[in-house]
Amino acid sequence: MMKRIRTRYAPSPTGRMHVGNLRTALYAYLIAKHEGGDFLLRIEDTDQERQVEGAVEIIYRTLQKTGLIHDEGPDKDGGVGPYVQSERVCEGIYMKYAKQLVEKGEAYYCFCTKERLESLKQTLEGKEITVYDKHCLHLSPEEIRANLESGMPYVIRQNTPNEGTTTFHDELYGDITVPNAELDDMILIKSDGFPTYNFANVVDDHLMGITHVVRGNEYLSSAPKYTRLYQAFGWEEPVYVHCPLITDEFKKKLSKRSGHSSYEDLIEQGFLDEAVVNYVALLGWSPEDNDEFLTLPELVEKFDYRKINKSPAVFDMVKLRWMNGEYIKKMDRERYYERALPEIRKVVSKDLPLEKIADLMQSRIETFPDICPAIGFFEELPEYDPALYTHKKMKTDSEISLAVLKSLLPMLEKEENYSVEILRALLTGFTAGSGRKTGQVLWPLRIAVSGLASTPGGAYEIMEILGKEESLERIRRGIALLEQQKASE
RNA sequence: GGCUCCAUGGUCAAGUGGUUAAGACAUCGCCCUUUCACGGCGGUAACUCGGGUUCGAAUCCCGAUGGAGUCACCA
């Protein structure tokens, strides 16, 4: 009987969630849910200085919107709480376990000052590197007791031997062996009494019964330190799944600090939750049947972490945009209007049928803000060059255009119903009777009512939206423009 | 620089010893169309290199090269 799978997402509340984190959360969720397991949320707020107001709310909101619903967390007690590390600090959990390690000789008190640590620093290729020299490991028990009693600030460090190697197993990468000499004596408990991420993570994953640790590839090189911790405690190690990195176009790790978009930024830029989740799921994994469009339940069903790619993936905004466009096309009316109408209102203040403008745009946009630059001509006819009336392929020029518009005008003045159907019937009838090509009629007409070489929709749709009065006004202006041009020749 | 990981078109990504090396995005061309978009059809484009193992290697091994990650009282 297999143990019930438990995974967790353990963010630190430092702001918005960037897509790398989102993908890690998603994979953790999928791994658990694929097997009917539990997905927990744990807040890792052990860094007092990096706390950001409201960041926890962002985490809740993001998980909610993306559908990654946790089974246990600060707001849903599953019996292994608290689920916020600062609260666990208050319960003395980490200190208790750290002292256990000190007693076993697996960790030790360190009283080194910032200045001394600074002197250990060396620079390699512009990067600052500090390797602790185990100075305090050699303190006598008396010295340690005296230091503690005098209230001297201290940290607790892991004691890693300088000889031998440590091996851990990752589901994707296999066995990875690292020389122990490479493993720094990392700090377990900071001088403010809080644990470091490294320590709290191991303790909590164990205490919360996490079976599969899902995290980013950037933790691969510190993983052996965690293994040593598990061994020091005598605890069973979880299954590790290190997800490949998501990078920018220069193949650098995506990070908040370099100003890469967060999930919330993307939503603000007009992307849909489902599209972002869908796209991000495909960065490092693909379904067997090759169908790229997957809902969250479908992902749960099809996801197999053994098939996650090992190499990093470039975040391709162009493909995300395409996928978002596909999602927009498939949106039902109501939901689409909800997002599209506010965009349209940014540009159109006149009393026009906004839903019709929205309908016109649905198959033409990839993100919602794409709407704005395309519909300005509805609000106001732009100044345009009469040369637009000349189009070789349409077999039309300013002379033909002028003639067509002039003969169209009285007919259109008589018509009251400016619906697409009626206009089409009217115009096709005219075209047939005039002996002209369709393009020779509709091209000039569309230019006149839009002033643009390319528009969403054709002349019928535009005129329906503009209505009779405005359409006629624009046609008259077109005629005037063409006559003016003719006169100046 | 040490350590570790990675290596199929510009990008994502199938492929686990024998394939004409899938598919998607992008790109280019054609068709459809009153323009644009949608849609349809088609094209260009890849196994980093060098050694092995094997009848046979994108696939296994070694090396080189390249890229990335990491080396905090941050997570």
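Labels below follow one simple rule: chain letters A, B, ... track the order of the sequence lines, proteins then strands, and each chain is numbered from 1. The figures that follow rest on heavy atoms only: side chains count, while hydrogens, waters and symmetry mates do not.
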Item to check | Distance, P atom - from G42(B) to U4(B), rounded to whole angstrom | outcome: 49 Å

Item to check | C1' atoms of C41(B) and G50(B), separation to the nearest Å | outcome: 43 Å

Checklist entry - With both distances under 3.5 Å as the test, what is the Watson-Crick or G-U wobble partner of U11(B)? => result A24(B)

Item to check | Y219(A): partners by ring pair (Phe, Tyr, Trp, His ring centres under 6.0 Å), with sequence neighbours left out | outcome: Y197(A)

Next on the checklist: Under 3.5 Å for both donor-acceptor distances, Watson-Crick or wobble: does G1(B) have a partner, and if so which one?
Outcome noted: C71(B)

Item to check | Between A22(B) and G15(B) - C1' atom distance, rounded Å | outcome: 8 Å

Item to check | For atom CD1 of I308(A) and atom C1' of A13(B), their distance in whole Å | outcome: 14 Å

Checklist entry - Under the salt bridge (charged side-chain N to carboxylate O under 4.0 Å, His left out) test, which residues partner E292(A), sequence neighbours left out? => result K319(A)

Checklist outcome for this item: To the nearest 0.5 Å, atom CD1 of I447(A) lies from atom CG of L482(A) at 10.5 Å

Item to check | By ring pair (Phe, Tyr, Trp, His ring centres under 6.0 Å) - contacts of H391(A) (at least two apart) | outcome: W443(A)

Next on the checklist: For A75(B) and K190(A) - does any side-chain N or O of the residue sit under 4.0 Å from the phosphate oxygens OP1/OP2?
Outcome noted: yes

Please tabulate, one pair per line, each protein N/O and nucleotide N/O from nucleotides 70-72 of chain B that are separated by under 3.5 Å, including the distance.
from: U70(B); atom 1: OP1; to: K253(A); atom 2: NZ; distance (Å): 2.6
from: U70(B); atom 1: O4'; to: S221(A); atom 2: OG; distance (Å): 3.2
from: U70(B); atom 1: O2'; to: S221(A); atom 2: OG; distance (Å): 3.3
from: A72(B); atom 1: OP2; to: T130(A); atom 2: N; distance (Å): 2.7
from: A72(B); atom 1: OP2; to: T130(A); atom 2: O; distance (Å): 3.4

Checklist entry - Listed by chain and number, what are the salt bridge (charged side-chain N to carboxylate O under 4.0 Å, His left out) partners of D175(A), not counting sequence neighbours? => result none

Checklist entry - How far does the C1' atom of C31(B) sit from the matching atom of U54(B), given to the nearest Å? => result 50 Å

Checklist entry - Can you check the R306(A) CZ to U16(B) P distance for me, whole Å? => result 18 Å

Checklist entry - Looking only at atom C1', what distance separates A45(B) and A21(B), rounded to whole Å? => result 13 Å

Next on the checklist: By the 4.0 Å heavy-atom rule, please label T14(A) as base, sugar-phosphate, or nothing.
Outcome noted: nothing

Checklist entry - C112(A) near the nucleic acid: base, sugar-phosphate alone, or nothing, with a heavy-atom cut-off under 4.0 Å? => result base

Checklist entry - Does a distance-only test, which skips hydrogens and angles, find a donor-acceptor pair under 3.5 Å between the side chain of S311(A) and the base of C6(B)? => result no

Checklist entry - Pick the nucleotide of RNA chain B nearest each of Y173(A) and V314(A); which residue has the one closer to the 5' end? => result Y173(A)

Output a table of donor-acceptor pairs, distance under 3.5 Å, between side-chain atoms of residues 401-409 of chain A and any protein atom two or more places apart or on a different chain; print 'none' if there are none.
from: S401(A); atom 1: OG; to: Y389(A); atom 2: O; distance (Å): 3.4
from: S401(A); atom 1: OG; to: T396(A); atom 2: OG1; distance (Å): 3.3
from: S401(A); atom 1: OG; to: D397(A); atom 2: O; distance (Å): 2.8
from: K406(A); atom 1: NZ; to: E483(A); atom 2: OE2; distance (Å): 2.9
from: S407(A); atom 1: OG; to: A403(A); atom 2: O; distance (Å): 2.9
from: S407(A); atom 1: OG; to: V404(A); atom 2: O; distance (Å): 3.1

Next on the checklist: Does C6(B) have OP1 or OP2 under 4.0 Å away from a side-chain N or O of N309(A)?
Outcome noted: no

Next on the checklist: Base, sugar-phosphate or nothing for V318(A)? Non-hydrogen atoms, less than 4.0 Å.
Outcome noted: sugar-phosphate

Checklist entry - What does G50(B) pair with, Watson-Crick or G-U, if both distances are under 3.5 Å? => result C62(B)

Next on the checklist: Any residue in residues 367-400 of chain A with a heavy atom nearer than 4.0 angstrom to RNA chain B? Just list them by number, or reply none.
Outcome noted: K393(A), M394(A)

Checklist outcome for this item: Of P195(A) and P456(A), the one whose nearest nucleotide on RNA chain B sits closer to the 5' end is P456(A)

Checklist entry - Would you say N217(A) reaches C6(B)'s phosphate, i.e. side-chain N/O to OP1/OP2 under 4.0 Å? => result no

Checklist entry - Taking the same atom, P, in U48(B) and in U70(B), what whole-Å distance lies between them? => result 25 Å

Item to check | side chain to side chain donor-acceptor pair (under 3.5 Å) against S262(A), all qualifying residues, sequence neighbours excluded | outcome: D265(A)

Sequence neighbours excluded and cut-off under 3.5 Å, please list the side-chain donor-acceptor pairs for residues 448-455 of chain A, or say none.
from: S450(A); atom 1: OG; to: R446(A); atom 2: O; distance (Å): 2.7
from: S450(A); atom 1: OG; to: L452(A); atom 2: N; distance (Å): 3.1
from: S450(A); atom 1: OG; to: L452(A); atom 2: O; distance (Å): 3.4
from: T455(A); atom 1: OG1; to: R446(A); atom 2: NH1; distance (Å): 3.0
from: T455(A); atom 1: OG1; to: G457(A); atom 2: O; distance (Å): 2.9

Checklist entry - Relative to each other, are the rings of F168(A) and Y240(A) parallel, tilted or perpendicular (30° and 60° limits)? => result perpendicular

Next on the checklist: In the structure I gave you, are the side-chain heavy atoms of Y9(A) and R215(A) within less than 4.5 Å of one another anywhere?
Outcome noted: no

Checklist entry - Watson-Crick or G-U wobble partner for U34(B), using a 3.5 Å limit on both distances? => result none

Checklist outcome for this item: Residues pairing under side-chain hydrogen bond (donor to acceptor under 3.5 Å, both in side chains) where one sits in residues 307-317 of chain A, two or more places apart or in two chains, turn out to be none

Just the atom pairs and distances: protein N or O near nucleotides 22-24 of chain B's N or O, under 3.5 Å.
from: A22(B); atom 1: N1; to: N290(A); atom 2: ND2; distance (Å): 3.4
from: A22(B); atom 1: N3; to: N290(A); atom 2: ND2; distance (Å): 3.2
from: A24(B); atom 1: O2'; to: E292(A); atom 2: OE1; distance (Å): 2.5
from: A24(B); atom 1: O2'; to: K319(A); atom 2: NZ; distance (Å): 3.2
from: A24(B); atom 1: N3; to: K319(A); atom 2: NZ; distance (Å): 3.1

Item to check | Inter- and intrachain pairs under salt bridge (Lys or Arg N to Asp or Glu O under 4.0 Å), touching residues 364-381 of chain A, at least two apart | outcome: R321(A)-E366(A), R321(A)-D370(A)

Checklist outcome for this item: Using Watson-Crick geometry (N1-N3 plus N6-O4 or O6-N4) or G-U wobble (N1-O2, O6-N3), each under 3.5 Å, C41(B) is paired with G29(B)

